[in-house]
Amino acid sequence: MSTGRVSIVTGASRGIGRAIAIELGKDGGNVVVNYQGRSEAAEETAAAIRANGGQALVVQADVSVAADVERLVAAALDAFGQIDVLVNNAGITRDGLLMRMKDEDWDAVHNTNLRGAFLLIREVTRPMMKRRQGSIINITSVVGQIGNAGQVNYSAAKAGLIGLTKSVAKELASRNITVNAVAPGYIETEMTQMLGEEAANAMRAGIPLGRAGTPEDVAAAVAFLTSSKARYITGQVLNVDGGMVM
Amino acid sequence: MANEVFDRVKKIIVDRLSVDEDKITLDATFKDDLGADSLDIVELIMELEDEFDLEISDEDAEKISTVGDVVTYISEHQG
């Protein structure tokens with residue numbers, strides 16, 4: 001189904017981004033694997049895509065920097081000639097209670113998680129509009145919907161992504177471009193390993209399906225929303241959270 | 001000069017809005033005569049900026065309503 005399709009996945013060196021990149025690279029998909037710091041991990045993602053018969057282009061870029069984003073999208077267009085799918089997945093955490101949170105921790109999380117998505121969308125919109133086709137997915141989080149003590153910065157940025165998703169969906173609908181968000185719940189990745197055992201157990205207790213999710217669970221939702229089967233779905237938030245938020 | 005600008009502008013409008021070349025007169029308005037919506041106009045402005053290597057501010061862009069407005073603007077601002 002993804003034969004010849006071109007996808008950009010930000011933050012694709014590991015975790016959920018890697019699983020999404022691998023999923024979109026199946027069946028002959030072309031994937032631009034963006035990473036910020038870990039080139040070896042990004043190369044591993046690319047190798048996994050190629051092993052499945054897809055094409056991968058690894059591009060380093062800090063999504064919070066406009067010049068980097070321009071270079072990333074230009075590299076994608078140079079290599080593959082078009083962009084069908086954008087997945088804004090790159091995200092960081094700088095957790096801490098509000099009273100002790102530094103300005104830099106607030107800004108860093110917003111710059112990568114929210115500004116980065118805005119910059120990427122702005123950059124891919126023109127090539128997508130010209131072809132009257134495209135699908136954009138923003139990876140948000142359940143904490144953007146229900147909040148989380150210790151993550152005022154992260155949850156605010158993730159909630160912001162939901163507003164961004166809906167507004168862009170309205171702006172671009174007339175050009176046959178769909179824009180949706182996927183909200184993972186508690187997914188086992190390096191990022192959530194930092195939570196510690198106690199917090200992880202508390203998380204699991206609040207999940208009706210009784211277990212943590214995997215990056216592949218999230219990737220499957222992205223694959224659906226970017227497929228022609230979801231062509232009539234736009235402006236939505238799809239939770240992949242084992243029933244945590246209903 | 002204005003004629004040359006008009007021809008280049010015309011070509012971009014034909015490509016972007018898929019309208020007949022005959023309909024593109026200097027008096028034609030983008031919205032009513034050429035059927036452009038607000039996104040079309042943003043795209044047109046961006047392509048004109050690329051084609052003529054100039055920057056059209058949002059303030060100036062808002063004042064543009066006819067093809068003639070574009071040709072005049074470009075003729076006046078081209079370096």
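Naming convention: chains lettered A, B, ... in sequence-line order (proteins, then strands); numbering from 1 in each chain. These numbers come from the heavy atoms of this one structure, side chains and all, not from hydrogens, waters or symmetry mates.
At most 12 heavy atoms of other shown residues, nucleotides or ligands fall within 6.0 angstrom of atom CG in B:Asp58. Under a cut-off of 6.0 angstrom, the local environment of NZ in A:Lys166 is sparse, with at most 12 non-hydrogen atoms contributed by other residues, nucleotides or ligands. The number of heavy atoms from other shown groups lying within 6.0 Å of CZ (A:Arg126) is above 12. Applying the 6.0 Å contact sphere to CG of B:Asp53 captures no more than 12 heavy atoms from other residues, nucleotides or ligands.
With a 4.5 angstrom heavy-atom cutoff, B:Asp40 touches chain A via backbone and side-chain atoms both.
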Under the side-chain contact (heavy atoms from CB on, under 4.5 Å) rule, what do A:Met129 and B:Met46 come out as? Steps first, then yes or no, please.
-> CA-CA 13 Å; A:Met129 274 173 65; B:Met46 289 171 78; over 6 Å; no
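Taking every heavy atom of both residues into account, A:Arg132 and B:Arg16 meet most closely at NH1-NH1, 4.0 Å. Residues B:Leu39 and A:Arg175 share a closest heavy-atom pair of CB-NH2, 3.2 Å.
Atom CG of B:Asp37 is separated from atom OG of A:Ser174 by 5.5 Å, given to the nearest 0.5 angstrom.
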